[in-house]
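Written below as structure tokens is the structure these notes are about.
Quantities reported herein were computed from a predicted structural model and do not represent experimental measurements. Side-chain atoms are counted along with the backbone in the values below, which use heavy atoms only and exclude waters and symmetry mates.
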Amino acid sequence: HRGDANCLVSASGSSSVRNRPKNGSDDPHAGRYRCPMAQANVPDKPSLEGLETKWGERWEADGTYRFDRTKTRAEIYSIDTPPPTVSGSLHVGHVFSYTHTDVIARFQRMRGKEVFYPMGWDDNGVPTERRVENYHGVRCDPSLPYDPGFAPPEKPGKDFVLASRRNFVELCQRLTSVDERAFDELWHHLGLSVDWSMTYTTIDDNARATAQRMFLRNLARGEAYLSEAPTLWDVTFRMAVSQAELEDHDQAGAYHRISFHGPDGPVFVETTRPELLAACVALVAHPDDERYQPLFDRTVTTPVFGIEVPVRAHPLAEPDKGSGIAMICTFGDLNDVTWWRELQLDTRAIVGRDGRIVAEAPAGLESPQARAAFERLTGTTIHTARERTVELLRESGDLHGVPRPVTHSVKFYEKGNKPLEIVTSRQWYLRNGGRDIDLRDELLSRGKELEWVPDYMRVRYENWVQGLTGDWLVSRQRFFGVPFPVWYRLGDDGSPDYDEPIPADESSLPVDPQSECPPGFAETQRSQPGGFVGDPDVMDTWATSSVTPQIATGWERDTDLFERTFPMDLRPQAHDIIRTWLFSTVVRSHLEHDALPWMTAAISGFVLDPDRKKMSKSKGNVVTPLPLLTEYGSDAVRYWAAGGAPGTDTAADFGQMRVGRRTAIKVLNASKFVLGLGPVPADPAAAVATAVDAAMLSWLAETIESGTAAFEDHQYTRAVDRIATFFWSFCDDYLELVKARAYGEGPGADSARAALAVALSAQLRLLAPVLAFVTEEVWSWWKEGSVHRAPWPTAAELGPAQDSADKHVLTVATQVLGEIRKAKSDAKKSMRLDVASVVVTAGANDLAALRHASEDVKAAGRVDELALVETNEDARMTVEVTLAES
RNA sequence: GGGCGCUUAGCUCAGUUGGCUAGAGCGCUGGCCUUACAAGCCAGAUGUCGGGGGUUCGAGUCCCUCAGCGCCCACCA
């Protein structure tokens with residue numbers, strides 16, 4: 001019985017039996033011929049259409065990528081997948097970088113690793129709230145009671161509808177679950193080999209419990225602390241912002257030259273923020289600045305408001321900026337905060353948390369003159385306050401000349417569209433080395449310990465850590481996030497005691513201190529004198545994201561899983577969030593585990609538009625991924641993505657997608673040819689006997705080795721390049737050379753068919769990490785199981801013949817065939833045209849190699865006479881082609 | 001202002017520790033229905049390797065320098 005797995009039968013064989021596929025007539029790959037004695041089952045018209053759906057469903061049903069948690073840590077490759085922010089729109093950049101991760105995951109899986117590859121959805125945080133606010137036209141008002149019957153307006157109206165905190169959170173959850181489905185669909189279509197049974201969201205119970213537990217540990221060790229201090233504040237979102245979330249934007253402004261009234265005449269100050277004049281608490285100049293030395297430790301009077309403020313010296317003041325003397329306001333910028341702290345100045349805050357001038361004039365503005373002026377400003381926006389203050393200055397004659405326009409960069413919250421203000425507020429901080437040299441050094445050495453792909457990305461980490469100006473501000477005055485698991489005792493006067501927060505018990509997590517009460521208290525004591533209040537804030541989204549390794553690996557929840565998967569092997573992410581996600585994750589892991597969270601960070605670049613411009617919604621050049629996947633096919637888009645080297649920004653290149661599609665189609669057709677040739681010996685690798693075949697396998701062995709090394713080194717781009725290059729020459733040259741022999745009979749035919757089968761099997765596996773769908777499709781024609789669980793090819797499996805083979809045989813044969821083709825092409829003739837004679841003049845080595853391939857060359861070129869003429873070894877080979885009369 | 005990266009064919013990019021005449025794909029030109037594939041195949045043309053200097057028997061590759069582009073960070077009275 002010859003019907004073993006290697007019995008390959010031509011699709012056109014007359015003995016074939018037409019079989020319907022098992023799953024019915026809606027299968028687009030219906031119409032196969034199946035040999036009753038063989039597994040090979042090649043469709044007569046192979047196609048890429050529908051492969052994504054077909055194999056996506058099949059992989060899910062078969063659990064192809066299901067994680068086997070019985071494996072040991074050494075056998076496991078664990079990936080800390082970036083949970084995409086689901087409230088954003090789908091972006092071709094997602095497809096790009098997640099494909100990189102998937103390619104690595106598939107390679108590692110085939111190399112024999114059990115791949116731990118969960119997906120998460122990052123749904124908590126400001127972007128989601130923002131989206132919900134806009135989508136429904138609602139705003140959260142935490143003072144409202146929960147309304148079980150609450151329904152958002154059908155369409156956002158002119159005025160916002162207010163929702164209680166719980167109602168608002170419910171809207172967030174509802175909308176994110178819709179967004180998550182869109183991502184889910186995209187990822188499935190793209191073919192990510194994720195184990196979908198492990199999917200988490202950053203707002204789910206486990207994520208909240210993990211983030212809270214980590215926080216409690218930080219609190220217990222003194223790494224988390226409360227502090228009331230001036231902080232950067234976004235007036236739109238009405239929340240504090242951390243250093244890592246800052247962005248500089250260029251803004252138009254103007255220097256206003258204004259005069260303070262000094263003891264010896266006017267003192268001119270140039271300011272871009274005249275509206276803060278009312279908040280001015282001092283002037284400052286450099287200690288060495290002779291112009292202002294006479295004024296130091298004396299006072300001047302502010303214009304308009306008539307307030308007496310000191311003139312102080314501080315080295316941070318720069319003599320060549322403006323007039324060399326600056327007004328210190330509480331607070332105009334971070335310099336003001338430094339001066340205020342170090343010179344121990346008064347506080348005179350006039351900007352409220354809503355970004356408007358406060359209603360009550362602050363202490364120090366008691367005089368009737370000051371009050372009258374301040375009246376003009378109360379309740380106005382910064383913008384209006386500036387106009388009014390300028391008017392006041394003009395009226396009093398203290399504005400000199402015309403404001404001089406400048407463009408200067410101003411700090412913004414990365415998701416905000418108004419400049420940040422600085423307000424004083426009580427916030428939670430987490431130590432991150434920003435105020436502690438030892439911790440900073442430890443974190444820097446963690447950065448050195450980590451393997452970076454590409455290596456130069458480490459510098460961004462180091463720059464960031466070295467440039468930290470303070471600890472990490474982690475609390476946000478928002479709603480859809482992880483609450484701080486603490487309460488505060490209320491004194492008999494009803495005021496909270498912030499010095500000793502009451503932590504939640506770890507066993508009670510996740511906890512909502514707004515609706516649950518602290519250990520030892522009853523709910524009736526909430527907000528009562530002698531009772532308690534819950535912390536009102538939620539954590540910064542990065543405070544949750546920074547524990548994704550712990551969320552995914554089951555830290556303190558599933559110790560067995562944790563020990564098998566942590567520290568993780570790979571953190572893939574983009575370069576823009578090194579300072580946020582990567583750094584904060586290193587911080588948390590360092591503090592909790594005294595270890596890196598992963599061994600390797602693979603940093604991907606951005607996708608640029610086809611003209612190499614950064615994509616942005618405002619430019620309208622954002623490429624949405626699903627239409628691409630539909631038009632070119634997922635394998636084609638994956639092929640393009642795999643061409644983007646780690647760390648390198650890459651243009652969305654539809655040409656490369658077309659190439660990917662062509663490669664995938666080529667896989668189908670070449671496979672159809674190879675599998676249609678007829679029976680193959682039982683042990684094909686051992687049956688390779690012809691020098692040309694052995695040479696091809698020898699080239700393949702080299703490709704396997706270099707491709708594998710590149711993959712191991714996370715250089716998937718190079719690996720794919722090597723593999724695809726080999727595959728195309730396999731199709732264009734080797735296949736054409738041996739085609740005639742393979743159709744025939746005898747030992748030469750056996751060798752060719754054996755080599756073709758061996759090479760196809762290896763190449764399908766080499767291509768599988770990138771062309772996940774088409775390789776699986778072809779694999780299913782003749783092999784059991786999934787190609788994605790098949791062992792990664794090795795040089796050894798190609799058999800003994802290639803080991804000692806002379807690669808040159810194939811090189812020379814290809815070269816001569818090329819010359820023959822050229823002669824026909826130059827003569828504008830068909831490749832089918834017969835060739836009367838070919839004379840090859842070359843050195844002995846080339847001729848010896850060519851002799852091994854002469855029959856194949858003659859057949860492929862349709863050559864009657866092939867003559868070999870020996871010349872000296874150094875001479876270039878020449879090929880003289882005489883075409884037959886047509 | 002500090003740092004990182006980039007600059008190779010019309011376009012997008014390879015080019016690993018210095019080593020034969022610098023490569024690929026796309027695009028372009030011409031041809032070919034060829035018992036896997038016309039959604040295909042065959043062939044062809046195209047370079048001041050950003051400029052300058054240096055090291056070396058030899059430099060796209062190493063060093064210095066200048067320029068341009070991009071990104072990160074900082075400053076921002």
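The distance between the ring centers of A/Phe606 and A/His575 falls below 6.0 angstrom.
With contacts defined as side-chain heavy-atom distances shorter than 4.5 Å, the pair A/Phe673/A/Val42 does not qualify.
The base of B/C42 lies outside donor-acceptor range of the side chain of A/Lys824, with no N or O pair under 3.5 Å. Within 3.5 Å, a donor on the side chain of A/Ser825 pairs with an acceptor on the base of B/G30, or the reverse. Remark: the A/Arg862 side chain and the B/U34 base include no donor-acceptor N/O pair separated by less than 3.5 Å.
At least one side-chain nitrogen or oxygen of A/Gln243 sits closer than 4.0 Å to the OP1 or OP2 atom of B/A74. Residue A/Lys411 places at least one side-chain N or O closer than 4.0 Å to OP1 or OP2 of B/C75. Contact check, A/Lys739 against B/U34: no side-chain N or O comes under 4.0 Å of OP1 or OP2. In this model, the phosphate group of B/C73 is approached by a side-chain N or O of A/Arg579 to a distance below 4.0 Å at OP1 or OP2. Using a 4.0 Å cut-off, no side-chain N or O of A/Arg273 falls inside it from OP1 or OP2 of B/C76.
A/Ser409 comes within contact range of at least one nucleobase, with a heavy-atom separation under 4.0 Å. If you check every strand for non-hydrogen atoms under 4.0 Å, A/Gln656 touches sugar and phosphate atoms only. In this structure, A/Tyr255 reaches the sugar-phosphate backbone alone: every heavy-atom distance under 4.0 Å involves primed, P, OP1 or OP2 atoms, never a base. Residue contacts for A/Arg722: at a heavy-atom cut-off of 4.0 Å it reaches a base atom on one of the strands shown.
Ring orientation note: the planes of A/Trp782 and A/Trp779 are nearly perpendicular, at an angle over 60° on the 30°/60° scale. The aromatic rings of A/His100 and A/Phe96 stand perpendicular to each other, their planes meeting at an angle above 60°, with 30° marking the opposite boundary.
Between A/Asp653 and A/Leu246, it is A/Asp653 whose nearest contact on RNA chain B lies nearer the 5' terminus. Residue whose closest nucleotide on RNA chain B sits further toward the 5' end, between A/Asp732 and A/Asp320: A/Asp732.
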Task: Pair assignment for RNA chain B - dot-bracket with | for other-strand partners, Watson-Crick or G-U under 3.5 Å - done: (((((((..((((.....[...)))).(((((.......))))).....(((((..]....))))))))))))....
TODO: For A/Tyr461 and A/Trp452, run ring pair (Phe, Tyr, Trp, His ring centres under 6.0 Å): C-alpha distance rounded to whole Å, both residues' side-chain angles, the deciding distance at 0.1 Å, then the answer.
DONE: CA-CA 10 Å; A/Tyr461 173 93; A/Trp452 295 78; 5.6 Å; yes
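When atom types are taken as modelled, the side chain of A/Thr99 and the backbone of A/Arg638 share no donor-acceptor pair closer than 3.5 angstrom. Between the side chain of A/Thr725 and the main chain of A/Asp721, a donor-acceptor pair closer than 3.5 Å is present. In this structure, A/Ser825 contributes its side chain and A/Arg821 its backbone to no donor-acceptor pair below 3.5 Å. Using a distance-only test at 3.5 Å, with no hydrogens or angles considered, no donor-acceptor pair links the side chain of A/Ser242 to the main chain of A/Trp472.
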TODO: Would you mind building the protein contact string for nucleotides 4-10 of chain B? One character per nucleotide, 5' to 3', B for base within reach (heavy atoms under 4.0 Å), S for sugar-phosphate only, - for untouched.
DONE: SS-----
